[in-house]
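As the structure lists them, so they are numbered: ligands from 1, and atoms in each ligand from 1.
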Amino acid sequence: DRHELDNDCHDDDLLIASLPKEKGWLGLEDHFYQGFWCPDIVIRGVMSVQQHFKAQDTDLILITMPKSGTTWLKALAFAIANRHDYPNTLSQHPLLTSNPHKLIPFLEFNSNKEGCHIRSLPIVSNFQSPTANIFSTHIPYHSLPDSIKNSGCRVVYLCRNPYDVFVSTWHFVNKARAESLGPLSCDDAFDMFCRGVMGFGPFWDHALGHWKESLERPHKVLFLMYEDLKEEITLQIKRLAEFMGVPFSLEEERKGVIEETSKLCSFNNLRELEVNKSGSLLLFENKTFFRRGEVGDWVNHLTPEMVQRLNKIMEEKLDNSGLSK
Ligand code: A3P
């Protein structure tokens, strides 16, 4: 009830105040919570998800580090799941009129202090994901609510090479930082990245947690790479649909449904849509979710010394994991 919830919030505030903190990329505080750097704007949301979100067996949870291609994954999962309702992807489809983040919400961004927007919460349960059962989050695997780990729901993790994640984040953050703070230099941002300080980071812990789980429980966690999506989208869309339990039929393949899905969700298509050129999500304008959408832009930003430093860290951290940088 409300009294209990007020107490929960009070306990959360005490806990947050006791955590180590550091000024994050946006110039706001990041809290070191359960082994990861949690931005101040979402930490209460994260706690609320942990305390109240009840996953169901039919749910699908999309997980990423920020700037790993979340928007793309959301578009693909939505298009795959709803393809029978919207067969004519070019003229009438929710993805043509809604930003992918609207269609598949982040659990932690949709729960306020009272957590009243997420399905299954104790007070108000008026929140329904428009897709009914697809949600997304940046929460690292070890901190997910038990119901996600232990129910029959499935998890798709999208990983991207850390060099591009860094560059993408740096650009993204600089568009959202308060003007009074001035831009964050590439050097300062890189130093934070290498120390693991980044929203939901360290990067390597995030990737490794999901990687290990995908090896141990391949039916539970599907591990995808942004670079593979760029290289062989048809194959990856098929993999994703199979994992989601809605494989494409031969008939659909013959009709070119996979290619249509790929086109609908492509960077160029989504970026040019009016809905993605306007509007915003929290501090971020929708258009900033679509920058270049390429693999390897890091060569334009990182010096050889920077590459060497991050190379060394990644080699150490990924050692023997089977996951390559
Ligand atoms: P760049 O900054 O390298 O261009 P997220 O969605 O997790 O915030 O990640 C954003 C990154 O994914 C940005 O990378 C963005 O351009 C890229 N992106 C967004 N939509 C995409 C799409 N449909 N296909 C490929 N990349 C996409």
Side-chain angles (χ1 to χ4, degrees), residues 25-26 39 41-42 61-80 89 93-96 98-109 134-140 156-176 184 186 189-190 193 198-201 203 206-207 210 224-234 236-237 240 258-273 275-277 279-302:
W25 296 43
L26 281 165
I41 45 173
V42 289
I61 317 286
L62 310 178
I63 310 186
T64 52
M65 260 309 263
K67 313 326 291 172
S68 299
T70 322
T71 316
W72 194 10
L73 179 62
K74 287 184 180 190
L76 289 168
F78 183 91
I80 291 170
T89 54
H93 195 285
L95 278 165
L96 300 175
S98 300
N99 176 273
H101 296 287
K102 274 262 154 59
L103 297 172
I104 301 184
F106 282 106
L107 288 172
E108 60 273 21
F109 293 172
I134 309 183
F135 298 92
S136 84
T137 182
H138 290 314
I139 300 176
V156 176
Y157 186 76
L158 179 62
C159 187
R160 186 182 191 188
N161 80 76
Y163 312 89
D164 283 334
V165 169
F166 164 73
V167 168
S168 183
T169 310
W170 179 64
H171 282 286
F172 186 69
V173 162
N174 270 328
K175 291 194 189 103
L184 175 66
C186 193
F190 191 73
F193 190 89
M198 169 187 177
F200 302 94
F203 170 89
H206 205 277
H210 294 89
L224 297 175
M225 291 289 307
Y226 180 93
E227 292 74 18
D228 292 341
L229 260 58
K230 289 293 291 188
E231 200 176 300
E232 37 178 19
I233 187 67
T234 305
Q236 300 298 328
I237 288 180
L240 181 55
I258 302 180
E259 284 70 24
E260 268 178 35
T261 307
S262 141
K263 237 188 246 167
L264 173 69
C265 303
S266 70
F267 179 79
N268 287 334
N269 186 49
L270 293 183
R271 188 183 54 169
E272 293 308 319
L273 297 172
V275 64
N276 293 327
K277 290 183 179 171
S280 60
L281 176 80
L282 291 183
L283 303 169
F284 312 103
E285 289 183 85
N286 284 345
K287 63 172 189 254
T288 60
F289 286 90
F290 305 91
R291 194 183 61 93
R292 293 185 66 154
E294 286 167 11
V295 176
D297 186 34
W298 59 267
V299 297
N300 300 314
H301 296 87
L302 303 186

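- The pair Lys230-Glu294 does not meet the salt-bridge criterion, since no charged nitrogen lies less than 4.0 angstrom from a carboxylate oxygen.
- Side-chain N/O atoms of His138 and His206 include no donor and acceptor closer than 3.5 Å.
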Open item on the list: Asn99 vs Asn276, test: side-chain hydrogen bond (donor to acceptor under 3.5 Å, both in side chains). Steps then yes/no.
Closed with: CA-CA 6 Å; Asn99 176 273; Asn276 293 327; 3.0 Å; yes

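- Between Arg291 and Asp297 there is a salt bridge, since a side-chain N of the basic residue sits under 4.0 Å from a carboxylate O of the acidic one.
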List below, pair by pair, the N or O atoms of ligand 1 and of the protein that are less than 3.5 Å apart, including the distance to 0.1 Å; reply 'none' if no pair qualifies.
{"unit_1": "ligand 1", "atom_1": "2 (O)", "unit_2": "Ser168", "atom_2": "OG", "d": "2.6"}
{"unit_1": "ligand 1", "atom_1": "2 (O)", "unit_2": "Arg291", "atom_2": "NE", "d": "2.7"}
{"unit_1": "ligand 1", "atom_1": "2 (O)", "unit_2": "Arg291", "atom_2": "NH2", "d": "3.4"}
{"unit_1": "ligand 1", "atom_1": "3 (O)", "unit_2": "Arg160", "atom_2": "NH1", "d": "3.4"}
{"unit_1": "ligand 1", "atom_1": "3 (O)", "unit_2": "Arg160", "atom_2": "NH2", "d": "3.0"}
{"unit_1": "ligand 1", "atom_1": "3 (O)", "unit_2": "Arg291", "atom_2": "NH2", "d": "3.2"}
{"unit_1": "ligand 1", "atom_1": "4 (O)", "unit_2": "Arg292", "atom_2": "N", "d": "2.7"}
{"unit_1": "ligand 1", "atom_1": "4 (O)", "unit_2": "Gly293", "atom_2": "N", "d": "2.7"}
{"unit_1": "ligand 1", "atom_1": "6 (O)", "unit_2": "Thr70", "atom_2": "N", "d": "3.1"}
{"unit_1": "ligand 1", "atom_1": "6 (O)", "unit_2": "Thr71", "atom_2": "N", "d": "2.8"}
{"unit_1": "ligand 1", "atom_1": "6 (O)", "unit_2": "Thr71", "atom_2": "OG1", "d": "2.5"}
{"unit_1": "ligand 1", "atom_1": "7 (O)", "unit_2": "Lys67", "atom_2": "N", "d": "3.1"}
{"unit_1": "ligand 1", "atom_1": "7 (O)", "unit_2": "Ser68", "atom_2": "N", "d": "3.1"}
{"unit_1": "ligand 1", "atom_1": "7 (O)", "unit_2": "Gly69", "atom_2": "N", "d": "3.0"}
{"unit_1": "ligand 1", "atom_1": "7 (O)", "unit_2": "Thr70", "atom_2": "N", "d": "2.8"}
{"unit_1": "ligand 1", "atom_1": "7 (O)", "unit_2": "Thr70", "atom_2": "OG1", "d": "2.5"}
{"unit_1": "ligand 1", "atom_1": "8 (O)", "unit_2": "Lys67", "atom_2": "NZ", "d": "2.6"}
{"unit_1": "ligand 1", "atom_1": "9 (O)", "unit_2": "Gly69", "atom_2": "N", "d": "3.3"}
{"unit_1": "ligand 1", "atom_1": "14 (O)", "unit_2": "Arg160", "atom_2": "NH1", "d": "3.2"}
{"unit_1": "ligand 1", "atom_1": "14 (O)", "unit_2": "Ser168", "atom_2": "OG", "d": "3.4"}
{"unit_1": "ligand 1", "atom_1": "16 (O)", "unit_2": "Arg291", "atom_2": "N", "d": "2.9"}
{"unit_1": "ligand 1", "atom_1": "16 (O)", "unit_2": "Gly293", "atom_2": "N", "d": "3.3"}
{"unit_1": "ligand 1", "atom_1": "23 (N)", "unit_2": "Cys265", "atom_2": "O", "d": "2.9"}
{"unit_1": "ligand 1", "atom_1": "23 (N)", "unit_2": "Phe267", "atom_2": "N", "d": "3.3"}
{"unit_1": "ligand 1", "atom_1": "26 (N)", "unit_2": "Tyr226", "atom_2": "OH", "d": "2.8"}

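- For the residue pair Thr137/Glu108, the side-chain donor-acceptor check at 3.5 Å is satisfied.
- Applying the ring pair (Phe, Tyr, Trp, His ring centres under 6.0 Å) criterion to Phe172, with sequence neighbours excluded, gives Phe284, Phe289.
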